[in-house]
Amino acid sequence: MDIPYTVNNRPDTGLYNAKLGMWLFLASEVMLFGGLFSAYIFLRLGADDGMWPHQILDVKPAFINTMILIISSVTIVQSWAAVKMGNLKKFKLYMGMTILLASAFVGIKSYEYYTKVHHYGLITNTRIQVTGYLDQDKTNDQVVAIIPDKHQAFESGKKFMETKLEAGAVSAGHHEPILFQRSDLVWFSNFMPRYNTFFAIYFTMTALHALHVIGAIVVLAYFWGPGSKMFHTNRAQFANRIEVVGLFWHFVELVWIFLFPVLYLL
Amino acid sequence: MASTENPEQIKQIVKQHWVIAGLLFTLILISIGIAQIPFVTWAHMAIGLGISFVMASLVLWFFMHLSNERKLIYQVMVFSVIFSIVLVALSLLAYFDHSGYNVKY
């Protein structure tokens, strides 16, 4: 039995079925991410003064990822246009570019996660937060040696660094580790979700978004590879399929447009 | 991506997408620039989210062709957007309801 309305529009909805299905799915996605953004606002407003990190994330990789998504939104449209014009070679080229760009996005995101795993922060029993990278040679069971970040993400960390600089304990020109007794620390962890609510919501939102990108890569790769056989058998339906996956890809970009400023800039 | 068969129209759509991509690129640069200016937090949030809403509108209107869609799609999207706004509003209400008591969540 053939699936109805894969090419022509249904008379009652005025849309072909796949398109209506995708928009309904996207509506559920809006609510899913809406809930997470709502949670973000709740956590941010409720954070104590100076406890919410400000511009702690590196903007450069996120900016590159934003560019990647914007460019890939155009390449996917070009792949759809190539199908409409009956040019399979161009379709493969532009769809291949879209897949590569999407993979680059995931690669850069993975690099960002990797840097978080190796980035540490601590809170002393005097409520001072210092962030930086561990000096592995000087860190042991009793002592944590941390090479502080130039730009401390927490207000208390900045004040602590100024005090240390005044006391001559830290050389401004060199990144020398500051030693903390483990017994003086109330919290010590790398920048994983357990570190604080910011990283919990950061990983939740970006990982969910990255899963969408990975899902899209699988579908795009199918259309680039075995799925492209339909180009010869039913080009109109194939064009509709590309249009629908394009809608999903644009939505992935749409979510990132909000994630980027909220997590990296504000 | 609109439903069209006209080659000229298809070329026009692709061209339009490049123009919108350029606009998005410019707006992203403006967002980054504004983030470096030492405004108060609420002003940063308002301007940053304002730019994001403009960018999202461009994506929805031109990339996802909401400008040329059926009424049914608008109804579905309006419902989901209202749902999300209510969710955010509930969070804000909960926060402001307790702020007088100096309760922090």
Side-chain angles (χ1 to χ4, degrees), chain A residues 9 12-16 19-20 23-24 26-31 33-35 37-48 54-55 59 63 66-67 70-71 73-74 76-78 80-81 84-85 236 239-240 242-244 246-247 249-251 253-255 257-258 260-262 264-266, chain B residues 1-5 7 10-11 13-14 16-18 20-22 24-25 27-29 31-32 34-36 41 44-45 48-49 51-53 55-56 58-60 63-65 69-73 76-77 79-81 83-92 94-96 98-99 103-105:
Chain A
N9 293 339
D12 51 353
T13 60
L15 298 157
Y16 56 92
K19 194 172 187 178
L20 178 60
W23 274 108
L24 287 171
L26 294 184
S28 72
E29 292 276 90
V30 168
M31 292 186 265
F33 280 100
F37 276 106
S38 167
Y40 171 86
I41 291 168
F42 197 64
L43 293 171
R44 172 135 199 196
L45 287 175
D48 286 332
H54 179 60
Q55 297 186 350
V59 175
F63 172 70
T66 310
M67 290 297 98
I70 291 173
I71 295 166
S73 276
V74 182
I76 200 163
V77 169
Q78 292 206 299
W80 165 82
K84 282 280 188 185
M85 307 283 243
N240 282 352
I242 301 303
E243 183 178 357
V244 165
L247 277 175
W249 188 245
H250 293 315
F251 178 78
E253 183 195 352
L254 188 76
V255 172
I257 279 172
F258 284 102
F260 175 60
V262 162
Y264 292 84
L265 300 178
L266 299 176
Chain B
M1 286 176 263
S3 300
T4 178
E5 298 297 329
I10 291 167
K11 279 181 192 167
I13 289 169
V14 172
Q16 186 192 54
H17 276 68
W18 277 113
I20 300 299
L24 291 172
F25 177 72
L27 287 168
I28 278 289
L29 287 180
S31 293
I32 295 170
I34 285 172
Q36 311 308 317
T41 309
H44 261 150
M45 292 287 266
L49 290 177
I51 293 172
S52 294
F53 273 107
M55 291 174 71
L58 288 172
V59 171
L60 275 168
F63 281 6
M64 298 172 86
H65 283 274
E69 228 13 294
R70 303 276 170 185
K71 199 179 163 191
L72 181 65
I73 302 291
V76 168
M77 293 315 285
F79 171 76
S80 60
V81 169
F83 181 90
S84 300
I85 290 170
V86 169
L87 268 179
V88 174
L90 282 174
S91 296
L92 290 173
Y95 173 73
F96 288 115
H98 286 88
S99 58
V103 173
K104 290 282 185 183
Y105 284 96

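Note on naming: letters A, B, ... go to the chains in the order of the sequence lines (proteins, then strands), and numbering restarts at 1 for each one.
Between A:His250 and B:Phe63, the angle of the ring planes lies from 30° to 60°, which puts this pair in the tilted group.
Rounded to the nearest 0.5 Å, atoms CH2 (A:Trp80) and CG (A:Asn240) are 10.0 Å apart. Distance check, rounded to the nearest 0.5 Å: OG of A:Ser73 to CZ of A:Phe251 gives 12.5 Å. One finds the OG1 atom of A:Thr66 at 10.5 Å from the CG atom of B:Leu24 (value rounded to the nearest 0.5 Å). Between B:Ile51 atom CD1 and A:Ile257 atom CD1 the span is 12.0 Å, to the nearest 0.5 Å. Note that CG of A:Leu247 is 6.5 Å distant from NZ of A:Lys19, once rounded to the nearest 0.5 Å.
Comparing A:Val74, A:Ile71, A:Ile70, A:Leu265 by how many heavy-atom pairs each has under 4.5 Å with chain B, the most go to A:Val74. The choice from B:Ser52, B:Ala56, B:Ser84 that makes the most heavy-atom pairs within less than 4.5 Å of chain A is B:Ser52. Interface check for chain B: of the options A:Ile41, A:Val30, A:Val262, the most heavy-atom pairs under 4.5 Å are formed by A:Val30. Among the candidates B:Val14, B:Leu72, B:Leu87, B:Ile73, the residue making the largest number of heavy-atom pairs closer than 4.5 Å to chain A is B:Ile73. Between chain A and the options B:Leu27, B:Val59, B:Leu29, heavy-atom pairs under 4.5 Å are most frequent for B:Val59.
Interface remark: A:Tyr264 contributes no atoms to any contact with chain B (heavy atom separation under 4.5 Å). Using a 4.5 Å cut-off between heavy atoms, B:Phe79 touches chain A through its side chain atoms alone. Proximity to chain B (any heavy atom under 4.5 Å) is shown, for A:Thr13, by both the backbone and the side chain. Using a 4.5 Å cut-off between heavy atoms, B:Met55 contacts chain A through both its backbone and its side chain. Of the two parts of A:Phe63, only the side chain, counted from C-beta on, holds a non-hydrogen atom closer than 4.5 Å to a non-hydrogen atom of chain B. B:Phe83 touches chain A through its side chain: at least one heavy atom from C-beta onward sits under 4.5 Å away, while N, CA, C and O do not. For chain A, no part of B:Ile34 is nearby; none of its heavy atoms comes within less than 4.5 Å. With a threshold of 4.5 angstrom between heavy atoms, A:Met67 approaches chain B through side-chain atoms but not through N, CA, C or O.
Qualifying side chain to side chain donor-acceptor pair (under 3.5 Å) partners for B:Ser91, counting only residues two or more places apart in sequence or in other chains: A:Ser38. Applying the side chain to side chain donor-acceptor pair (under 3.5 Å) test to A:Tyr40 and every residue at least two apart in sequence or in another chain returns A:Arg44.
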Derivation and outcome, salt bridge (charged side-chain N to carboxylate O under 4.0 Å, His left out), residues A:Lys84 and A:Glu243: CA-CA 10 Å; A:Lys84 282 280 188 185; A:Glu243 183 178 357; over 6 Å; no
